[in-house]
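Note sheet for the following structure.
Note on naming: letters A, B, ... go to the chains in the order of the sequence lines (proteins, then strands), and numbering restarts at 1 for each one.
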There are 2 protein chains.
Amino acid sequence: MFDSQSTPPRSERRDAAENRQRILDAALRLFEQQGVEQVSMNQIAAEAQIGPGTLYRRYRNKAELCTDLMKENIILLFDNIEAYLNDNKPEPAIERLKGILNLFIRFREKKSQLLAGVEESTTTNRSRSRTHGPLYLELHQLLVDLFDEMADSGKARPNSVFKADMLLMALSSDSYSFQRTERGYSPELFLEQICLTFDLNV
Amino acid sequence: MFDSQSTPPRSERRDAAENRQRILDAALRLFEQQGVEQVSMNQIAAEAQIGPGTLYRRYRNKAELCTDLMKENIILLFDNIEAYLNDNKPEPAIERLKGILNLFIRFREKKSQLLAGVEESTTTNRSRSRTHGPLYLELHQLLVDLFDEMADSGKARPNSVFKADMLLMALSSDSYSFQRTERGYSPELFLEQICLTFDLNV
DNA sequence: ATGATAAACGGAGACATCTCCGCTTGTCAA
DNA sequence: TTGACAAGCGGAGATGTCTCCGTTTATCAT
């Protein structure tokens with residue numbers, strides 16, 4: 001699912017592989033020192049001792065780089081979710097949904113900076129990086145399935161795709177960090193409010 | 001409410017006023033020709049025949065410039081809303097809320113480009129232009145009041161401030177244009193889905 | 001009028017994004 | 001091996017954002 005660029009069709013050239021690693025190392029180093037936000041593509045190229053062109057050949061923007069850096073963590077997140085879902089099969093869909101939201105919010109807390117980097121969408125970028133990344137798509141599908149399951153044994157069915165879109169919007173870096181910092185919500189209170197607002201209660 | 005920079009404390013210098021007009025004219029011209037997105041601050045400065053420094057002195061970024069260009073339209077929007085609220089005092093709060101959402105969506109349709117410009121928030125910009133502009137704040141207050149009114153005569157009360165934040169998030173340029181273009185919703189269907197999702201029904 | 005003063009100007013320049021294209025280098029078939 | 005060639009490299013440069021600061025200019029009290 002997430003190996004689309006780490007395992008290209010036919011073997012990566014040796015020098016290219018080395019540069020990839022240099023980039024990843026350099027980025028991680030700089031991100032730790034100065035914060036994701038503050039580091040420019042230029043700096044990363046310099047730190048990795050490659051030209052800007054080489055960097056941009058591989059990653060069209062910082063968001064893609066961050067996504068690559070997060071790959072492992074994203075896989076872990078989905079492993080967690082899968083395990084959670086397996087352990088809680090008998091729970092009602094709504095309960096499992098809450099569980100997933102909880103896992104995602106913890107994930108967001110732990111990796112807030114890089115995750116913000118992943119979702120960063122400079123208006124200049126033609127493609128909607130946020131909504132088209134694997135993280136979004138995968139989560140979206142998960143939510144849609146749960147909403148559909150809830151609707152099956154329920155009454156009226158709001159369009160699950162739309163509902164999932166709105167929920168992910170509400171959980172976006174932008175929204176979440178606004179609520180955390182400006183409105184002063186804790187992760188727990190935030191989740192509670194989300195449940196109230198999106199009608200996710202027993 | 002919106003005259004904070006068009007009527008400064010003590011009279012604007014004559015040359016400054018002239019430049020302001022040159023900027024506004026130039027921006028409008030270029031925006032029409034090439035689309036808001038495509039026009040750079042540089043181009044605007046050149047077209048207005050002023051230095052970049054002069055442009056940035058007045059508008060810290062394109063979003064501020066767009067806000068200024070939208071001032072009249074924003075005032076008109078709120079006039080419309082006020083009129084609507086006056087004409088529909090007896091309607092239940094939920095009905096009035098829908099009316100407002102409808103007005104806002106029409107507004108968004110009519111001025112989509114400039115409005116996207118207003119909400120543009122390059123991640124580099126420290127200040128959250130979207131959530132701190134007068135448009136957001138005013139709308140937010142309106143929504144909060146209506147939610148509070150609904151809660152008065154209702155049962156449980158989700159935090160109105162939070163709910164309003166989420167609703168505005170859902171109505172943001174990002175979210176709206178995604179639903180319009182990628183999900184293929186018409187303005188009417190979008191509104192309907194919003195009502196379903198946020199539990200705004202008779 | 002005129003001079004003091006603060007506001008406004010403008011453009012050089014620091015730094016960022018992103019592309020283009022000639023050069024280099026790994027790879028694989030022969 | 002080796003040679004052809006696609007893949008990869010790199011840095012100059014186009015364009016953009018945004019700031020700094022020496023210079024100009026409008027305004028107002030005198």
Please tell me if the side chains of A:I23 and A:R20 come closer than 4.5 Å, counting only heavy atoms from C-beta onward. no
Contact check, residues 26-35 of chain A vs DNA chain D, heavy-atom distance under 4.0 Å, returns none
* Asked: What do the steps show when you test B:Q21 against B:D25 for side chain to side chain donor-acceptor pair (under 3.5 Å), and what is the final call?
  -> CA-CA 6 Å; B:Q21 204 50 55; B:D25 290 348; 3.2 Å; yes
Rounded to whole Å, the CZ-C1' distance (B:R57 to C:dA7) equals 7 Å
From CD1 of B:I23 across to P of C:dA8 the rounded distance in Å is 12 Å
Here the distance between atom C1' of C:dA8 and atom OH of B:Y59, to the nearest Å, is 15 Å
Atom CE of A:M41 and atom P of C:dC18 are separated, to the nearest Å, by 7 Å
- Query: Tell me, do B:F107 and B:N73 make a side-chain contact under 4.5 Å, heavy atoms counted?
  - Reply: yes
Applying salt bridge (Lys or Arg N to Asp or Glu O under 4.0 Å) to B:E91 and not counting sequence neighbours gives none
Side-chain heavy-atom pair B:L69, B:L24 within 4.5 angstrom cut-off
yes
From CG of A:N42 across to P of D:dG16 the rounded distance in Å is 17 Å
Against the side chain of A:Y56, the closest entry in D:dC18, D:dT17, C:dT19 is C:dT19
Scoring nucleotides 23-30 of chain D by protein non-hydrogen atoms under 4.0 Å (B base, S sugar-phosphate only, - none) yields --BSS---
A:R20 atom CZ is separated from D:dA7 atom P, nearest whole Å, by 16 Å
When rounded to the nearest 0.5 Å, the distance separating CG of B:L168 from CZ of B:F104 is 7.0 Å
To the nearest angstrom, the CD1-C1' distance between B:I44 and D:dT15 comes to 15 Å
When rounded to whole Å, the CD to P distance for the pair B:Q38 and D:dT17 reads 12 Å
Of B:L142, B:V161, B:N159, B:L200, the one forming a side-chain contact (heavy atoms from CB on, under 4.5 Å) with B:F147 is B:L200
**Steps toward side chain to side chain contact (heavy atoms under 4.5 Å, CB included) verdict (B:M166, A:Q179)** = CA-CA 10 Å; B:M166 293 305 112; A:Q179 296 298 326; 3.7 Å; yes
Under-4.0 Å side-chain N/O to phosphate OP1/OP2 contact, B:R58 with C:dC9:
yes
Under 4.0 Å between a side-chain N/O of B:N19 and OP1 or OP2 of C:dC9, yes or no? yes
TODO: Return yes if some donor-acceptor pair links the side-chain N/O of A:K98 with the main-chain N/O of A:L191 below 3.5 Å, else return no.
DONE: no
By salt bridge (Lys or Arg N to Asp or Glu O under 4.0 Å), A:R183 pairs with (sequence neighbours left out) B:D165
Residues in residues 45-55 of chain B with a heavy atom under 4.0 Å of DNA chain C, by number, are B:I50, B:G51, B:P52, B:G53, B:T54
Applying salt bridge (Lys or Arg N to Asp or Glu O under 4.0 Å) to B:E182 and not counting sequence neighbours gives A:R128
